[in-house]
There are 2 protein chains.
Amino acid sequence: MQLQEGKDKFIQTWGTLGSHWGVNRTMAQVHALLLIAPEALSADEIMEDLQISRGNANMNIRALIDWGLVYKELKQGERKEFFIAEKDMWKVFRQIIIQRKKKELEPVLRVLEEISKVEGETNQAKEFKNIIGDIHLFASKANQALDNVTQSDSNWFVNTFINMLKK
Amino acid sequence: MQLQEGKDKFIQTWGTLGSHWGVNRTMAQVHALLLIAPEALSADEIMEDLQISRGNANMNIRALIDWGLVYKELKQGERKEFFIAEKDMWKVFRQIIIQRKKKELEPVLRVLEEISKVEGETNQAKEFKNIIGDIHLFASKANQALDNVTQSDSNWFVNTFINMLKK
DNA sequence: CAAAATTTTCAGTAAGAATTGAAAGTTACA
DNA sequence: TGTAACTTTCAATTCTTACTGAAAATTTTG
């Protein structure tokens, strides 16, 4: 396989993966492109490479920066902004977990707490509170486990993985 | 809060959560509805409750059955099919991981292996192979860790969670 | 076996999400 | 301070995905 073909395939695959996980395809593709770029790219280069519009490129680059997956880089004597991806996969994973936990898991936890206070002592109500309680317990555990994972350093997590594999 | 309001809120929340995780909203809502239903529901009851068409209900119920999150239940003397959700949250989580691992993580692993074989010894090519190698290593570890999680029984996982919380 | 009940399929349509492109905004240099 | 280089915004549009509803298929029952 030629280098260019490999790069294209990677960009496609990463894009598809993203789209199955609630990340828009272009955002994942820009990320992929920057991951395999040997050096920082400008918005124009990204537009050119992925054949997307300026607006689209800009929006998705900003989103990646917000997620902490891409950094801005200013080049000596250049007025343009250049962009570079975080290449430490552990950090990438960590950032994604932090973002999604905050945006998706935590709001669900709050709703579960709220609805676990429904009135009534009928069987219906009791059963409802039961299952909501179960879900809440599970979600809290997941939340705390994820906190742990993201708060500890890379080695801790790698060690956990290694331990898991040894079992 | 009244029971009905709590139920509605739960269905909405679960639907939103699903839609951020690549599960279509209706599928997640049907799942939520069945989770909090005190007994098995027929397709008609689901249609009625969520105000969706027969076709839509059917498709999503089938998908939930495929995912192993919902079971068919036949009632004595009734011709209709009734449906009931798996309520053990651990099993639900496990099923979802198994499905998504197979459909999303494993294909990515295969692509990464394939593209790690690009020809050429230029710096460009070497750097590309390096980063792909990193990603592949990370993805394999995640894959194996998930295997471990899903293959062990509930207690093992719960214990791991508890251990995490103690740290 | 016929007909009634129920489930499945799928072409057409609707709803929602992403993208474009041009105009407005910003920055930085002479 | 003016203007050229560059970035951001957002209304209109396109693309994608989900949903409907009616027809076809299947299953059950007398």
Practice problem: Applying salt bridge (Lys or Arg N to Asp or Glu O under 4.0 Å), name anything that partners B:E39, two or more places apart in sequence or on another chain. | Solution: B:K75
Quiz item: Can a side chain N or O of A:N56 be found less than 4.0 Å away from OP1 or OP2 on C:dA18?
Solution: no
Exercise. Examine A:R100 relative to B:W21 and say whether NZ or CZ is less than 6.0 Å from the centre of the six-membered ring and inside a 45° cone about the ring axis.
Key: yes
Practice problem: Let me know the distance between CD1 of A:I61 and P of D:dT9, rounded to the nearest Å. | Solution: 13 Å
Quiz item: With A:F10, which residues qualify under ring pair (Phe, Tyr, Trp, His ring centres under 6.0 Å), at least two apart?
Solution: A:W14
Quiz item: OP1, OP2 of D:dC19 versus side-chain N and O of B:N24: anything below 4.0 Å?
Solution: yes
Quiz prompt | Donor-acceptor contact present, side-chain A:R25 to main-chain A:S19, <3.5 Å | solution = no
Quiz item: With respect to the phosphate group of D:dT7, does any side-chain polar atom (N or O) of A:N58 fall under 4.0 Å of OP1 or OP2?
Solution: no
Exercise. Mind running a 4.0 Å heavy-atom check of residues 29-55 of chain A against DNA chain D and sending the residues that fall below it, in number order?
Key: A:R54, A:G55
Quiz prompt | Within residues 65-82 of chain B: residues closer than 4.0 Å to DNA chain D (heavy atoms) | solution = B:R79
Quiz prompt | Those residues that, when tested against A:E5, pass salt bridge (Lys or Arg N to Asp or Glu O under 4.0 Å) (two or more places apart) | solution = none
Filtered N/O pairs between nucleotides 11-16 of chain D and protein, under 3.5 Å:
none

